[in-house]
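Just below is one structure, and these are the notes that go with it.
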Amino acid sequence: MSMKIFVDTDADVRLARRIRRDTVEKNRDIATVLDQYSKFVKPAFDDFILPTKKYADIIIPRGGDNHVAIDLIVQHIRTKLGQNDLCKIYPNLYVIQSTFQIRGMHTLIRDAQTTKHDFIFYADRLIRLVVEHGLGHLPFTEKQVITPTGSVYSGVDFCKRLCGVSVIRSGESMENALRACCKGIKIGKILIHREGDNGQQLIYEKLPEDIAQRHVLLLDPILGTGNSAVQAISLLQKKGVPESNILFLNLISAPQGVHVVCKHFPRIKIVTSEIENGLNEEYRVIPGMGEFGDRYFGTDDD
């Protein structure tokens, strides 16, 4: 549960409410109500309800009369349900901090009039930022080195056993940025046939033999419905990769896809640069940036 609430109303108030309800609505006499309360209701409350109080995140005294507490809870829930604040719902979702530079690059690659050369240039810059941010979520070990001045510097050592896995074809656009950040990294490939919201079919996979012993960076610039991502992650799990060792990197993510992936795999980490408004009736990301692979590799109709 995201939030556990215990409503703590005074015992006298609870009993008074029961007497009023049972005598008015159920035509019972007070003696019968008190007998049922003392033999069944109160013992059941003491045995099964009251012990759960210690597990509550929030305890509300005075029940429904506590309007301040109710308003705070309502605001908290509205915040969590906010489409642009999915990180508060899923702690395994990371959106890189937006700046005018990032917004400017998004504006350029989303513009239908942007040339192929400019699209590739600014998409590569954004992809590099996502990759660098993603690498920061990998495990590390502390390490001390001696600087040229003879001083000791206490730093960290990068995680060594990594590999990338790109979802063909769009995911291949992210490989160069990963290679630029991780010299000599192994990269596998997965091809999944997509047809609307359904019909995903695994066509091809080529992965490192020792992938189960590595942390995996799964590459796909667009997270739409999440169905292809679920299939790719499920394949990695079948190959022995622990869920917590998978880092999913993409440029933009639809809320629907985030919900699907995070609910299926709560221990996977997702790193993206922006959360979209949603999907249209054709399951395309809105506002989106069109067919990313066609625009990046120059295979669109134009």
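These values consider heavy atoms only, across backbone and side chains, with no hydrogens, waters or symmetry-generated copies.
The line from CD1 of I120 to CZ of R125 is 15.0 Å long, rounded to the nearest 0.5 Å.
Side-chain contact between K186 and D210 is present, with heavy atoms from C-beta onward closer than 4.5 Å. Using a 4.5 Å heavy-atom cutoff, the side chains of R214 and L162 are not in contact. Looking only at side-chain heavy atoms (C-beta outward), I30 and V33 stay at 4.5 Å or farther from each other. By the 4.5 Å heavy-atom criterion applied to side chains, I60 and I5 are counted as neighbours. Side-chain contact check for I49 versus F6: some heavy-atom pair is nearer than 4.5 Å. Residues T114 and I109 have side chains not in contact (no heavy-atom distance under 4.5 Å, counting atoms from C-beta outward).
Within a 6.0 Å sphere centred on NZ of K26, other residues, nucleotides and ligands contribute more than 12 heavy atoms.
Listed for the S154 side chain is no donor-acceptor partner under 3.5 Å among the backbone atoms of Q144. The closest donor-acceptor contact from the side chain of E276 to the backbone of S253 lies at 3.5 Å or more, if one exists at all. Of the possible donor and acceptor atoms, one in the side chain of N66 sits under 3.5 Å from a partner among the backbone N and O of P61.
Side-chain N/O atoms of S166 and E175 include a donor and acceptor closer than 3.5 Å. Looking at D29 and T32, their side chains do bring a donor and an acceptor atom within 3.5 Å of each other.
Salt-bridge annotation for E205 and K239: present, with a side-chain N of the basic residue lying under 4.0 Å from a carboxylate O of the acidic one. Using a 4.0 Å cut-off between a side-chain N of Lys or Arg and a carboxylate O of Asp or Glu, K42 and D46 qualify as a salt bridge. Salt bridge annotation for D124-R128: absent, with no cationic side-chain nitrogen under 4.0 angstrom from a carboxylate oxygen. Taking 4.0 Å as the cut-off between side-chain N and carboxylate O, E291 and R169 do not count as a salt-bridged pair.
Put simply, the residue from L93, V95, T272 that forms a side-chain contact (heavy atoms from CB on, under 4.5 Å) with V258 is L93.
Ring geometry for H259 against Y90 counts as perpendicular: the plane angle is over 60°, on a 0 to 90° scale with 30° as the lower cut.
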Query raised in the report: So V152 and T147, side-chain contact (heavy atoms from CB on, under 4.5 Å) or not? Walk me through it.
Result: CA-CA 6 Å; V152 176; T147 72; over 6 Å; no
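Cation-pi geometry between R110 and F119 is not met: the NZ or CZ atom fails to fall both under 6.0 Å from the ring centre and inside 45° of the normal.
Looking at every heavy atom in both residues, E243 comes nearest to R267 through OE2-N, 2.6 Å.
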